[in-house]
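Heads up, the thing below is written out as structure tokens.
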Amino acid sequence: VFTYSGLIFGFCKKGEIDRAFKLRDEMLTKNVEPNIVTYNALIDGLCKSGDIVKARQLFEAILDKGLPNGVTYTIMINGYCKSMNVAEAFRLYGEMLSRGILPDSFVYGALIDGCCKEGNLEKAQDLFQEMVQRGFASIHSYNTLISGYCKCGKLKEANQLLEDMIKKQIAPNHVTYSTVIHWHSMEGNMEVANQLFSEMQERNLIPNAITYTSLIQGHSRKGHVAEAFALFEEMVAKGIEPD
RNA sequence: CACGGCAGCAU
């Protein structure tokens with residue numbers, strides 16, 4: 001099971017779902033019973049390749065056997081959120097709770113991301129508060145919420161959250177900073193973006209190609225070609241591959 | 001022993 005599951009996981013990750021399913025069939029003919037981890041890998045592969053319908057069919061099939069665990073639900077919920085079917089995601093979430101599976105930071109993160117994508121910041125905020133109360137505040141969930149606020153043009157609130165997390169001793173990472181830097185750059189707030197850029201480096205966080213690209217685009221849009229080019233040279237000098 | 005949530009761009 002472990003050998004086959006490992007291979008199946010590898011193929012699913014590469015998007016070679018057909019080969020993954022061939023291996024599953026091979027398992028069955030050799031009387032190696034796939035377990036929930038095997039199924040989770042397959043369901044996730046289907047979701048990520050955009051085939052939520054097939055993913056759901058497999059999910060229902062193993063539901064009859066009582067197999068799905070918290071990971072399975074999170075995979076399906078995330079799949080629905082990504083394909084903008086947040087309502088179905090919440091339906092499954094309810095089903096998961098009614099089956100006695102406790103929510104963790106992963107499901108909360110997926111649901112919060114879904115609410116943000118829908119523009120439902122109130123609901124995202126509610127879920128976030130609920131998860132904080134349960135002690136699940138994590139860097140990922142902060143990042144999700146910050147990104148959601150940014151996408152809705154609420155940069156002030158996003159910065160508020162950033163300060164908030166620092167106060168709560170949850171250290172922002174390069175994703176956190178890249179997010180806010182990107183959106184401030186889009187707004188043309190290059191002073192703020194530069195400020196955040198220094199701040200992240202003071203925290204010993206390493207900017208990557210995404211961080212640099214956001215700043216470069218921001219400066220370019222304003223016609224600050226010299227600054228943009230200086231940043232380009234800086235990133236190359238640091239050995240960061242421009243893309 | 002293996003599986004799940006977060007950032008830019010991708011005409």
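Letters A, B, ... are given to chains in the order of the sequence lines, protein chains preceding strands, and every chain is numbered from 1.
An OP1 or OP2 oxygen of B:C6 is reached within less than 4.0 angstrom by no side-chain nitrogen or oxygen of A:Lys117. When the side-chain nitrogen and oxygen atoms of A:Lys48 are compared with OP1 and OP2 of B:G5, one or more of them lie within a distance under 4.0 Å.
Rounded to whole angstrom, the span from the CG atom of A:Leu23 across to the P atom of B:C3 amounts to 17 Å. One interatomic measurement links the two molecules: CD1 of A:Ile181 to C1' of B:C9, which rounds to 16 Å at whole-angstrom precision. The interatomic distance linking A:Ile43 (CD1) with B:G5 (C1') rounds to 16 Å, in whole Å. Between the P atom of B:A7 and the CG atom of A:Asp113 lies a distance of 6 Å, rounded to the nearest Å. Nucleotide B:G8 holds its P atom 13 Å from the CG atom of A:Leu155, rounded to whole Å. One atom, CG of A:Leu161, and another, C1' of B:A7, lie 15 Å apart when rounded to the nearest Å. For the pair A:Leu111 CG and B:C6 C1', the computed distance is 14 Å after rounding to whole Å.
Between the side chain of A:Asn208 and the base of B:A7 there is at least one donor-acceptor pair of N/O atoms closer than 3.5 Å. Side-chain N/O atoms of A:Ser214 and base N/O atoms of B:G8 include no donor-acceptor pair closer than 3.5 Å.
Using the six-membered ring where Trp is involved, A:His219 and A:His224 have ring planes that are tilted, between 30° and 60° apart.
In this structure, A:Ser105 reaches the bases: a heavy-atom distance under 4.0 Å links it to at least one base atom across the strands shown. Among the heavy atoms of the strands lying under 4.0 Å from A:Ser178 is at least one base atom, whether or not backbone atoms are also near. Across all strands shown, A:Asp104 has heavy atoms under 4.0 Å from base atoms, whether or not it also approaches the sugar-phosphate. Heavy atoms of A:Thr144 sit under 4.0 angstrom from primed sugar atoms or phosphate atoms, though from no base atom. Using a 4.0 Å heavy-atom cutoff across all strands shown, A:Ser147 reaches sugar-phosphate atoms only and no base atom. Using a 4.0 Å heavy-atom cutoff across all strands shown, A:Ser138 reaches at least one base atom of the nucleic acid.
Listed candidates were B:A2, B:G8, B:A7. Nearest to the side chain of A:His182 is B:G8.
Using a 4.0 Å cut-off on heavy atoms, the residues of residues 222-243 of chain A that approach RNA chain B are A:Asp243, listed by number.
Both thresholds, 5.5 Å between centres and 30° between ring planes, are met by A:Phe106 relative to the base of B:G4, so the two rings are stacked.
When the options A:Tyr93, A:Phe59, A:Phe90 are evaluated for a ring pair (Phe, Tyr, Trp, His ring centres under 6.0 Å) with A:Tyr73, the one that passes is A:Phe59.
In A:Glu233, the CD atom is crowded: over 12 heavy atoms of neighbouring residues, nucleotides or ligands sit closer than 6.0 Å.
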